[in-house]
Structures are given as structure tokens and as C-alpha cells.
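Here is the structure we will look at.
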Amino acid sequence: MSPPLPPTALLPLLLLLPPMTTSSSTPSPLSWVARTSYDDSPTERLGRHHPITFANETHGFLLGGSTSDIGAVSDLRIYHEADDAWIDASHVLLASEYPSRTYGYGVVLDEAYHAKAYLGFGSDAYGNRMRDWWEFDMSTLVFRRLADFPGEARHHPSVVPVYVNDDDGDGGGDGGGGMGGWQIHVGLGDGLIGENMEFVNFDDYWSYSINDDAWTRLSDFPGGKRHHPFYFGIGGTSYVGFGHGDASPYVYRDLYRYEGGTWHGEDDFVSYDYDESTVRAPSIATMEGRVAGTQFSMAFPPPHTSRDGVSTDDLRGSAGFIPAAMGEFHAYFPRPAGTVTHEDDDSDASSYPRWRALPPHPGASRWAPGSFVMRGSGRAYFLCGYDRYTNEHRSDVWGIDLSSLFSPRSDGGAATPSTTTTTTTSSIAPSIATMTSAFAAPTASPWTVASNNADLDTTDDGVEVFFDVACATRDECDARRSDMNMTAFRVGNYPSKGCFAKNGIAYWSYGGNVEEMSLGDLPGEQERIWCAGGGNGGGGRHSSPTPAVASSTSAILIPSSSSVKIRTATLVVGTSVIAICWLVQ
């Protein structure tokens with residue numbers, strides 16, 4: 001377990017400050033625009049499926065997933081919308097106990113400037129399902145572990161944030177305890193059960209109370225056991241459906257809503273070609289079941305909270321969106337444009353097409369992509385996924401402005417397309433250059449890890465700290481074994497992680513987290529290969545002036561005649577090496 005970072009090691013990100021607005025022309029509404037990819041690796045090896053993705057008002061976040069090389073990636077990348085640029089903040093994970101994962105999910109609350117995201121579930125690089133649950137502060141980049149999920153560990157669940165009012169009928173034993181507030185509904189998914197690790201789908205449904213940090217089981221999902229459903233939340237209602245299940249037709253097209261403590265069946269999926277000129281679409285686009293895409297929702301204005309300072313006052317309505325794995329994009333309108341609640345809907349619902357087919361993302365269909373919405377806006381982003389036609393893990397990023405779907409008309413019908421789009425930027429939010437200066441790791445690797453041991457020698461000039469720094473990437477491992485004149489190099493998924501040697505052969509093992517890749521005590525004849533430091537001629541020495549700082553509030557003064565052994569963890573921030581150290585007795 002890595003020790004916590006001292007407060008001085010992280011500077012707060014000003015990600016949640018009230019924005020100002022600027023307008024820019026767009027060629028046409030509902031068009032996809034290519035944005036900058038997060039993948040700056042020379043060989044573009046950072047494409048992935050099943051990432052965790054979410055956003056606040058100004059920044060998008062990307063964590064984990066599976067690449068072609070790594071079963072569960074341990075990285076964190078942040079998108080600054082105003083600059084259309086990404087920074088790699090993966091080294092932040094070194095200071096956290098948050099484990100790498102794939103097939104996990106993360107959500108934010110539809111509440112203006114709320115700093116927290118909630119994430120968890122999924123599986124590790126070996127396919128072991130997970131039940132842990134975390135809070136992530138988007139302004140400080142700090143993880144905090146919450147109450148573990150009490151049901152079976154799983155991946156592919158639905159994870160839906162909803163705001164439950166006191167009078168929503170969702171109290172007592174059905175989640176919420178009679179109290180209003182934010183809840184996150186979690187259910188379905190798949191797991192491995194019993195001694196034989198039998199694959200099973202689930203239909204249980206749970207509510208997590210943010211106020212109480214507690215889980216409550218709700219009534220089971222009525223549509224049958226399944227994994228990888230589509231889902232989204234609007235106000236106090238969670239919508240769940242589709243997915244891959246146990247019974248015919250196996251890939252579903254149903255949809256249910258959980259509202260007021262009760263499940264309600266919606267009409268089965270039938271999507272109509274979108275027509276800007278009328279609310280009644282002319283023809284059916286598709287009615288097939290679907291699975292393994294991504295999803296998000298938008299609601300204007302939020303029915304539960306003020307959004308002062310965000311320029312979406314002219315938008316009204318709500319919708320859930322499913323950019324599907326089949327290369328399609330569909331929007332679900334629970335009620336006509338211009339209404340917010342079921343009580344507002346006085347139209348003939350039977351004549352209103354709930355599903356509309358929107359312009360699909362460019363390129364072929366892809367499995368298990370990610371998406372996020374810049375909170376308070378109509379701007380959505382689509383990224384990643386596995387392209388089964390080309391067998392590529394994608395790292396491209398696309399944006400689309402969906403505001404025209406919500407601009408109200410006097411007749412309550414479909415939105416009138418606008419010729420401008422409102423771009424939300426912050427007058428005081430940091431630029432990418434500023435954030436990079438504070439948070440960027442060295443260019444050689446996303447993060448730098450150290451062994452459990454380091455030597456600290458004193459001289460008349462100060463204190464010298466010698467770190468054994470583990471290789472963080474396959475390329476670093478390959479370069480280091482070449483420096484050591486080791487001719488054989490093997491790559492695979494071995495029990496020991498990271499870069500190591502055995503009997504004169506160098507190995508790189510995928511799938512390890514930071515701690516596993518920096519273990520110095522390996523079994524048998526295996527030896528850790530260090531990319532820097534005193535071990536095996538790594539050659540990296542980092543000097544530190546006296547006194548050696550042990551934390552942000554205390555210091556260790558080392559007499560000039562002494563030589564001591566310490567335990568350390570290190571983090572590189574910019575060009576500075578930060579050592580977190582304590583004495584070995």
C-alpha cells in the first residue's frame with residue numbers, strides 16, 4: 001500500500017469554477033467533430049475498450065480499461081475542453097490505493113459544480129470481479145474508498161445517479177430511508193460464482209445513499225438477468241434495459257424505469273429517423289436489440305437544483321442517449337420537448353416517438369466505448385472502443401453538440417436547429433500549460449514508481465537519496481535490458497509484474513498495478529530490473545538538500561557523519577522528485 005501524498009505534492013485543480021460563455025459558429029447542428037486524442041504514444045498503443053469516463057463543467061476524465069497489451073490499465077487522463085487538449089495525470093494513482101481495472105463504471109451528479117465522481121466495479125487484469133466503490137474528487141484528484149457494494153462482485157452493471165425527493169415514495173426499506181437526496185442505483189451485470197467460478201448474470205438492484213455512505217437493496221429488475229445493459233438517469237428516475245441475458249432472444253430491446261420505488265415497463269425499442277422539421281419522424285430506423293455501447297443523459301433545467309451561472313436557461317427538456325456498439329446513435333425522449341416531468345406532459349403519448357435515430361459517430365461500429373457530457377451543456381464526447389472490423393483498439397475522440405434537440409418551440413414540438421453553439425469555458429480555470437506544469441509526469445513514462453528501499457547518504461553538502469525506480473512501460477524495460485546486455489526479452493502475463501529477469505532473460509509482464517511493478521522481493525531466481533537507481537546499475541541518483549523532508553509538517557535532520565536506511569515511495573511532479581520517506585528501525 002502506497003503512503004499518502006503530502007498536501008504539497010498536489011496543487012488543487014480549479015475545475016469547478018463558474019464559467020463564462022462564448023459563442024462560435026458551427027457548420028450545422030448534430031454534426032460530429034473530431035477532437036484531440038489522448039493517445040500521444042509513438043505507436044498509438046493507448047486505444048482501449050471499457051474505460052471509465054465522466055466530466056464536470058470544464059474537464060473530462062478517462063481512467064483504465066483494456067488495451068491490446070494490458071488487461072487492466074492504470075492511468076488517468078484529463079481533457080481540458082477550452083484548449084481541446086489532454087494531460088496525463090496517471091502518476092496521481094501512485095499516491096492512491098485505487099486499483100487498476102477494466103469493465104468498471106463511473107458517474108457524476110447532475111448538480112452544478114459538484115466536485116465528486118463515483119466509480120467502481122469491473123475486474124482486474126485476471127478477470128476477477130470487483131465490488132469496491134470509490135469517490136474521486138475532480139478538483140484535487142484524490143480518491144476516497146467508500147462502503148463496498150454488499151452484493152456479488154461484478155462487471156457490466158448499470159450505474160445510475162438519481163435525485164430522490166422526500167415525497168418520491170422511495171423511503172423506508174426501499175432505499176433512501178425516507179430522506180431526500182442523491183442516490184446511485186446499481187444493478188445487473190455478470191460475475192463468477194462458487195468454487196468452479198461459474199459465469200452468471202444478475203438481476204438484483206441496489207441504491208447507494210451518498211449522504212449515508214450505505215447500500216440498500218431494492219426490488220429486483222423485472223426484465224430478467226443480464227449484463228452490459230444501457231442505462232441513464234433523469235431527475236429521480238433511472239432507466240435500464242437492453243443488454244445480453246440468459247433467455248431468448250439473448251440480446252434485448254426492452255426498457256424499464258425505476259421511479260417512486262416501483263418498476264415500470266416502457267415500450268420496446270423502436271427508433272425513428274430523425275427529422276428536424278417535425279416531432280413525428282417519418283419512418284422506422286431500427287427496432288433491433290443492442291448491447292455493449294455507452295450511454296449518457298441530459299436534462300434542462302435540472303428539476304432538483306439551481307444552475308446559476310450556466311447558460312442553459314434557454315434549453316428545456318430531457319433525454320437519454322445510447323451511442324450503440326452497432327455504429328448507431330439513438331436518443332430517448334421520455335416526454336415531448338419542452339416538458340420536464342411526467343406531470344408536464346399533456347400530449348398524446350401514443351403518437352409521440354420516444355426514440356429517434358441521430359447521426360452516428362464516424363467510422364465503423366465499436367464495442368464498449370466511453371462517453372461523457374460537459375455538465376450543464378448540450379456537448380457530448382465519444383471515445384475509445386474496440387473496432388471489430390479492423391481489430392483495433394481505438395483512441396480517437398469525437399464531439400457533438402446536442403443543444404438543438406432541447407431548444408423549446410412555442411408549439412412544444414421538436415427543436416429548431418440553431419446556427420450557433422454555446423461553448424462553456426472558465427475565466428479562471430487553468431490552461432493546459434498551467435495544469436501540465438503542476439501535474440505532468442516525465443515524458444519518459446506516464447508515471448514513475450520506486451522500490452521499497454532507498455539509501456540516504458549524507459555529505460557536507462546535503463543529503464543524497466538513492467532511489468531504485470521501477471520500469472513503468474514495456475519500452476522502458478526493453479531499453480533497460482539492452483543497456484544491461486541481456487539479449488533475450490520476453491513479454492507476457494506472468495505472476496510477477498513489470499520488468500524482471502530470470503536466468504539471464506528479461507521479462508515484461510502486463511497487467512500489474514503500481515505496487516506490483518515496484519516490488520523488489522520477487523520469488524525464486526527472479527530479480528527486479530530497475531530503470532534507475534542503485535540497483536543493477538540503474539544509474540539514477542537524485543540529490544536532496546538538507547533537511548530530508550518526511551512530510552509536509554515535519555523534517556528529518558541527518559547528522560553529517562551518519563548513513564541511514566529508509567523506506568520510500570516517490571512521485572515525479574514536473575522536474576521535481578518528491579520523496580515520501582520514513583526511517584527503518
Side-chain angles (χ1 to χ4, degrees), residues 107 110 157-176 178 180-189 201-209 216-243 245 247 249 251-272 287 289-291 295-299 302-304 317-322 330-356:
V107 295
D110 190 18
S158 62
V159 182
V160 186
V162 293
Y163 188 87
V164 178
N165 294 314
D166 290 344
D167 57 355
D168 273 356
D170 199 26
D174 209 14
W182 279 105
Q183 299 177 14
I184 299 177
H185 290 174
V186 175
L188 291 68
N201 286 311
F202 301 116
D203 61 0
D204 53 341
Y205 209 66
W206 300 74
S207 173
Y208 172 78
S209 168
T216 302
R217 184 160 182 172
L218 309 177
S219 55
D220 289 349
F221 176 72
K225 299 178 180 181
R226 66 188 69 185
H227 67 268
H228 221 315
F230 287 100
Y231 55 86
F232 46 84
I234 298 175
T237 304
S238 55
Y239 292 86
V240 185
F242 303 92
V251 175
Y252 304 123
R253 66 184 189 95
D254 55 359
L255 183 68
Y256 295 82
R257 77 176 192 270
Y258 186 85
E259 186 176 45
T262 305
W263 285 104
H264 307 269
E266 302 284 278
D267 292 338
D268 285 352
F269 173 74
V270 179
S271 189
Y272 293 81
M287 52 192 299
R290 53 207 60 237
V291 66
Q295 58 276 309
F296 55 86
S297 60
M298 297 178 180
H304 54 272
S318 56
F321 298 86
I322 57 169
H330 301 277
Y332 178 76
F333 293 86
R335 55 201 65 87
T339 63
V340 176
T341 66
H342 285 292
E343 290 71 21
D344 293 335
D345 184 358
D346 57 1
S347 66
D348 180 4
S350 64
S351 65
Y352 181 77
R354 301 299 191 186
W355 287 100
R356 303 186 201 176

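Atom CG of Asp267 has 12 or fewer neighbouring heavy atoms from other residues, nucleotides or ligands inside a 6.0 Å radius.
Relative orientation of the Tyr332 and Trp355 rings is tilted, given thresholds of 30° and 60° on the angle between their planes.
Taking both residues in full, the closest heavy atoms of Tyr256 and Gly265 are given as CD2-CA, 3.7 Å, listed atom of the first, atom of the second, then distance. In terms of heavy-atom proximity, Phe230 sits nearest to Ile322 at CD2-CG2, 3.4 Å. Between Pro334 and Ile234, the shortest heavy-atom contact is CG-CD1, 3.9 Å.
With values rounded to the nearest 0.5 angstrom, Phe296 atom CZ is found 13.0 Å from Asp110 atom CG. The line from CE of Met287 to CZ of Arg253 is 4.0 Å long, rounded to the nearest 0.5 Å. Atom OG1 of Thr237 is separated from atom CZ of Phe232 by 10.5 Å, given to the nearest 0.5 angstrom. From Gln183, atom CD reaches atom OG of Ser209 across 6.0 Å, with rounding to the nearest 0.5 Å. In this structure, CD on Glu266 lies 11.0 Å from CG on Asp254, to the nearest 0.5 angstrom. Atom OG of Ser207 sits about 7.5 Å away from atom OH of Tyr258, to the nearest 0.5 Å.
Side-chain contact between Leu188 and Tyr205: present, with at least one pair of heavy atoms (C-beta onward) separated by less than 4.5 Å. Contact of the Phe202 side chain with the Pro157 side chain is not registered, since no non-hydrogen atoms from C-beta on lie closer than 4.5 Å. Under the 4.5 Å side-chain criterion, counting only non-hydrogen atoms from C-beta, Pro229 is not in contact with Phe221. The side-chain heavy atoms of Val159 and Ile184, taken from C-beta on, include a pair separated by under 4.5 Å.
In this structure, Phe269 has its ring center closer than 6.0 angstrom to the ring center of His330.
For Ser297, the side-chain hydrogen bond (donor to acceptor under 3.5 Å, both in side chains) test picks out no residue, with sequence neighbours left out. Applying the side-chain hydrogen bond (donor to acceptor under 3.5 Å, both in side chains) rule to His227 yields the partners Asn201; only residues at least two apart in sequence or on another chain are considered. Every salt bridge (charged side-chain N to carboxylate O under 4.0 Å, His left out) that Asp220 has, sequence neighbours left out, goes to Arg217.
Using modelled atom types, one side-chain atom of Arg226 and one backbone atom of Phe242 make a donor-acceptor pair closer than 3.5 Å. In this structure a side-chain-to-backbone donor-acceptor pair under 3.5 Å is missing from Arg257 to Tyr239. Under a 3.5 Å cut-off, the side chain of Ser238 and the backbone N or O of Gly233 do not form any donor-acceptor pair.
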